[in-house]
**Student:** 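What follows is a structure written as C-alpha cells; I'll ask about it next.
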Amino acid sequence: MIGDFAVEIKDLTISYHGIKALEDISFQIPYSQLVGIIGPNGAGKSTLIKGIMGLLHIESGNIRIFNETVQKVYKKIAYVPQHSDIDLAFPILVEEAVMMGRYPHLSWWQRITQKDKEIVASALQKLGICQLKKRQIGELSGGQRQRVFLARALAQQADLFFLDEPFAGTDVMSEEIIINQLKELRNEGKTIFVVHHDLSKVQDYFDEVILLNKKLVKHGSSQDVFCVEDLCEAYNGSIKIAEKNNRLLVVGQ
Amino acid sequence: MENIEFFISSLKSYQYLQKAMIAGILVGVICGFIGCFIILRGMALMGDAISHAVLPGVVIAYLLGFSFFIGAVISGVITAIGIGYITQNSKIKDDSAIGIMFTAAFALGIVLITAQRGTEVHLWHILFGNVLAVLRMDLWLTLSVGVVVIGIILLFYRSFLLSTFDPVMAQAIGIPTKAIHYILMLMLSLVTVAALNTVGIVLVVAMLITPGATAYLLTDRFCIMLVLSAVFGVISSIFGVYFSFIYDVATGASIVLVASFLFALAFLFGPKQGVVKKFDDWRQKA
C-alpha cells in the first residue's frame with residue numbers, strides 16, 4: 001500500500017539537549033484530510049510539525065511525504081507560523097508578505113511576474129483581506145494577520161499545509177473564514193495539519209485527530225479519538241470533561 | 001556660508017580631502033545597506049562584536065604582509081563560528097558568548113600591536129580611523145567591497161528578506177539560513193575593514209545601526225528602508241567630514257555624531273512614530 005498516503009511517519013523520535021520531545025511516533029495520513037494535532041502544553045505539537053517539515057535533527061525514525069523524502073518535496077509544503085513567532089514591527093506590507101508564498105517558485109535570477117501578482121491577488125480575495133493589502137502587518141488584528149499568513153500559504157499553491165495554532169488570538173469571523181478555507185483546500189485534495197490548543201470544536205473542524213503527549217496517545221477519526229478516556233490520558237487529568245448528546249464538553253483547569 | 005565656501009574650495013584643491021569624502025560616502029552606503037539586516041535580525045551586538053574581532057586579523061595581516069581584508073575575514077568569521085559553537089554546545093546564552101569571544105579577539109589584537117613597538121601600526125588609527133591617510137588603493141578596495149556586498153544582497157534579496165522575516169518558512173522551503181547567517185558575518189568583517197580608515201573599528205557599529213534605525217522609524221517597507229538607510233549613511237559621512245575639516249576634530253566621531261543627530265530628529269519628529277506626533281495624539285484624546 002506504499003504511496004497511498006500523503007504523510008507517513010515511522011518510529012519518529014526527536015530530542016532537544018538529550019531530553020526526548022517526541023518518542024516513537026508512527027502514523028499514516030491519507031490524502032485530502034484535515035488533521036488536528038491536539039495535546040497539552042509541551043506535548044511536542046510544534047516539534048512534530050517542524051520535524052515533519054525537516055527542520056529538526058531527527059534522532060531516529062523515518063518520514064515520507066508523498067512517498068518521497070522531505071527535501072524532494074519542500075516546495076509543496078506550506079507553513080503558517082505561530083503568531084508569536086512573527087516580528088510585528090517588521091517593515092513589510094500585507095501584499096509583500098503574501099508574495100513570499102511565491103518565493104519557492106522563483107529562482108534567484110527570476111523576477112516577480114504578472115502571474116505571481118494574480119495568484120497573490122486571488123489569495124487575498126479568498127481570505128477577504130484585499131482592502132488591507134497596503135497595511136503594515138503590525139497594524140492588523142490577530143485574526144486578520146492569521147488570514148494574511150494563510151493567504152501566503154495559498155499563494156504557494158502547496159499540497160501539504162502545516163498551521164501552528166492558527167486560531168490563537170483570532171476573532172470569530174476570522175476563525176470562520178480560516179476554517180472554511182481549510183475545508184475547501186481539503187476538498188480540493190490537499191492535506192492539512194493544524195496544531196490546535198483549544199479542545200472545543202475539534203469534532204467540527206477536523207477529519208482526523210492526532211492526540212499527542214510526547215508519545216502518540218491516539219490517532220484516528222475525530223469522532224473516535226475524541227473520547228473521555230483518551231483525552232484524560234493525554235492531558236493527565238488536568239481537564240474536566242462532560243459528555244452530552246454524544247458531544248463532549250471540555251473544561252480546562 | 002563662509003565655512004561652506006572654504007570647504008568646497010578645499011575639496012577642489014586637496015586630494016586627501018577628496019579621498020576622505022569618497023571613502024566616507026562609500027562606507028555610508030555599504031554600512032547603511034547591511035545595517036538594515038543587522039537591525040531586523042536583532043544582531044546589533046553581533047555587529048559590534050564582529051567589527052571588534054577583526055582587529056587581530058588586521059594586525060597579523062600587517063605583520064605578515066598580506067591583505068587586511070583576508071586577515072579581517074578570517075578572524076571575523078572564526079569569531080562568528082566560535083560564538084555559534086559556544087551557544088550550541090553549552091548552556092551559555094548567545095549574548096554572553098558574544099561578549100566572551102569578541103573581547104578575547106580584541107584583546108589579542110591589542111597585545112599583538114603593543115608587542116610590536118616602533119612599527120608603523122598605529123593603534124589609535126585602527127581603533128578610531130584616520131581618514132586623512134586614505135590611499136587610492138584603499139578606495140578601490142572599499143569600492144570592491146561595496147560592489148560585492150550590495151551585489152550579493154540584491155541578487156539574493158528574496159532569500160535574505162525571507163530568512164530575516166520568517167526563518168522557519170525560509171528553512172522549510174530550502175533556503176540555507178545558516179549559510180546566510182555566516183555570509184552576513186563575512187560581509188560584516190569586510191565592511192569593517194572598508195570602514196577602518198573612515199570611522200575605525202570602535203565606531204563602525206554606529207554606522208551599521210544608526211542610519212538603519214533612523215530609516216526603520218520612517219518607513220513600513222523594507223526596500224525603502226534599505227534606500228533611506230544608505231542615504232542617511234551618506235549624509236552622515238558628508239557632514240561628518242565637513243565638520244571634522246572645519247572644526248579640526250576627529251572625522252569618524254563627527255560622522256557618527258551626525259548620524260546620531262539624524263536619528264534623534266526621526267525619533268522626535270517622525271510622521272508616524274515620532275515622540276512629538278505621539279504627544280499630539282495623546283493631547284487630542286485627552
Side-chain angles (χ1 to χ4, degrees), chain A residues 16-17 46 49-57 70-83 85-97 99-112 116 134-139 148-149 152-153 156 158 160-162 164, chain B residues 35-43 87-93 151-180 183 212-229 266 270-273:
Chain A
Y16 285 119
H17 302 294
S46 295
I49 60 171
K50 286 183 181 162
I52 300 174
M53 286 194 293
L55 303 180
L56 302 175
H57 172 73
V70 190
Q71 285 72 25
K72 286 192 178 157
V73 293
Y74 64 76
K75 280 185 189 177
K76 295 181 182 171
I77 303 174
Y79 169 70
V80 174
Q82 207 166 348
H83 72 128
D85 287 348
I86 291 298
D87 174 7
L88 298 182
F90 201 94
I92 188 169
L93 304 182
V94 166
E95 59 178 358
E96 293 171 318
M99 184 59 84
M100 285 176 164
R102 301 305 301 156
Y103 286 9
H105 302 281
L106 294 164
S107 292
W108 56 271
W109 67 86
Q110 285 172 316
R111 307 200 63 172
I112 289 166
D116 294 315
K134 296 288 180 194
R135 297 263 197 100
Q136 190 264 337
I137 53 155
E139 295 168 4
V148 170
F149 284 99
R152 180 178 80 174
Q156 197 180 330
L160 180 60
F161 293 76
F162 291 96
D164 203 341
Chain B
C36 291
F37 290 99
I38 305 296
I39 289 173
L40 292 174
R41 288 168 163 256
M43 286 180 11
T87 312
Q88 277 158 26
N89 292 288
S90 73
K91 61 181 180 185
I92 307 285
K93 295 199 175 58
I152 290 177
I153 288 177
L154 292 182
L155 277 179
F156 299 101
Y157 178 75
R158 287 191 293 257
S159 299
F160 275 91
L161 179 60
L162 184 56
S163 75
T164 305
F165 176 61
D166 186 351
V168 179
M169 174 178 171
Q171 217 185 332
I173 65 167
I175 292 173
T177 49
K178 269 207 177 133
I180 285 183
I183 289 170
T214 311
Y216 185 34
L217 289 179
L218 298 176
T219 180
D220 282 340
R221 302 192 62 187
F222 186 67
C223 45
I224 296 175
M225 179 176 165
L226 278 179
V227 174
L228 279 182
S229 175
K272 233 174 165 179
Q273 308 280 331

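Computed from a predicted structure; not experimentally measured. Letters A, B, ... mirror the listed sequences (proteins, then strands); counts begin at 1.
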**Student:** What part of A/Ile86 gets within 4.5 angstrom of chain B, counting heavy atoms only: side chain, backbone, both, or neither?
**Tutor:** side chain
**Student:** Is it the side chain or the backbone of A/Leu106 that comes within 4.5 Å of chain B heavy atoms, both, or neither?
**Tutor:** both
**Student:** Check the pair B/Leu155, A/Trp108 against side chain to side chain contact (heavy atoms under 4.5 Å, CB included), reporting the backbone distance first and the verdict last.
**Tutor:** CA-CA 7 Å; B/Leu155 277 179; A/Trp108 56 271; 3.7 Å; yes
**Student:** Which heavy-atom pair separates A/Tyr74 from B/Ile173 by the least distance, and what is that distance?
**Tutor:** CE1-O, 2.5 Å
**Student:** Could you look at B/Tyr157 and say if it's the side chain, the backbone, both or neither that has a heavy atom under 4.5 Å from chain A?
**Tutor:** neither
**Student:** What's the separation between atom CZ in A/Phe149 and atom CG in B/Asp166, rounded to the nearest 0.5 Å?
**Tutor:** 6.5 Å
**Student:** Shortest non-hydrogen contact from A/Asp87 to B/Phe165?
**Tutor:** O-CE1, 4.4 Å
**Student:** Rounded to the nearest 0.5 Å, what's the gap from CZ on B/Arg158 to CE on A/Met100? Could you check?
**Tutor:** 10.5 Å
**Student:** Please lay out, stage by stage, how B/Ile175 and A/Tyr103 fare under the test side chain to side chain contact (heavy atoms under 4.5 Å, CB included).
**Tutor:** CA-CA 10 Å; B/Ile175 292 173; A/Tyr103 286 9; 5.6 Å; no
**Student:** Quick one: what part of A/Arg152 sits under 4.5 Å from any heavy atom of chain B, side chain, backbone, both or neither?
**Tutor:** side chain
**Student:** Which atoms form the tightest heavy-atom contact between A/Glu96 and B/Cys223, and what is the distance?
**Tutor:** OE2-SG, 4.4 Å
**Student:** Where on B/Thr219 is there a heavy atom nearer than 4.5 Å to chain A: the side chain, the backbone, both, or neither?
**Tutor:** backbone
**Student:** Given that the side chain runs from C-beta out, which part of A/Ile112 has a heavy atom under 4.5 Å from chain B: side chain, backbone, both or neither?
**Tutor:** both
**Student:** What part of A/Lys76 is in contact with chain B, defined as an atom under 4.5 angstrom from a non-hydrogen atom: side chain, backbone, both or neither?
**Tutor:** neither
**Student:** With a 4.5 angstrom heavy-atom cut-off, could you sort out which part of A/Pro104 is near chain B: side chain, backbone, both or neither?
**Tutor:** both
**Student:** Side chain from CB out, backbone as N, CA, C, O: work out which of these in B/Met169 comes under 4.5 Å of a heavy atom of chain A, or both, or neither.
**Tutor:** both
**Student:** To the nearest 0.5 angstrom, please state how far the CD atom of B/Gln171 sits from the CG atom of A/Leu56.
**Tutor:** 8.0 Å
**Student:** Check the pair B/Val168, A/Phe162 against side chain to side chain contact (heavy atoms under 4.5 Å, CB included), reporting the backbone distance first and the verdict last.
**Tutor:** CA-CA 12 Å; B/Val168 179; A/Phe162 291 96; over 6 Å; no
**Student:** Could you tell me which of A/Gln110, A/Met99, A/Met53 has the largest number of non-hydrogen atom pairs under 4.5 Å with chain B?
**Tutor:** A/Gln110
**Student:** Looking at every non-hydrogen atom in both residues, tell me the closest pair between A/Phe90 and B/Tyr216 and how far apart they are.
**Tutor:** N-OH, 4.3 Å
**Student:** Where does A/Ala89 contact chain B at under 4.5 Å (heavy atoms): side chain, backbone, both or neither?
**Tutor:** both
**Student:** Contact part of A/Glu139 toward chain B, heavy-atom cut-off under 4.5 Å: side chain, backbone, both or neither?
**Tutor:** side chain
**Student:** Hey, does B/Ile224 have a side-chain heavy atom less than 4.5 Å from the side chain of A/Pro91?
**Tutor:** no
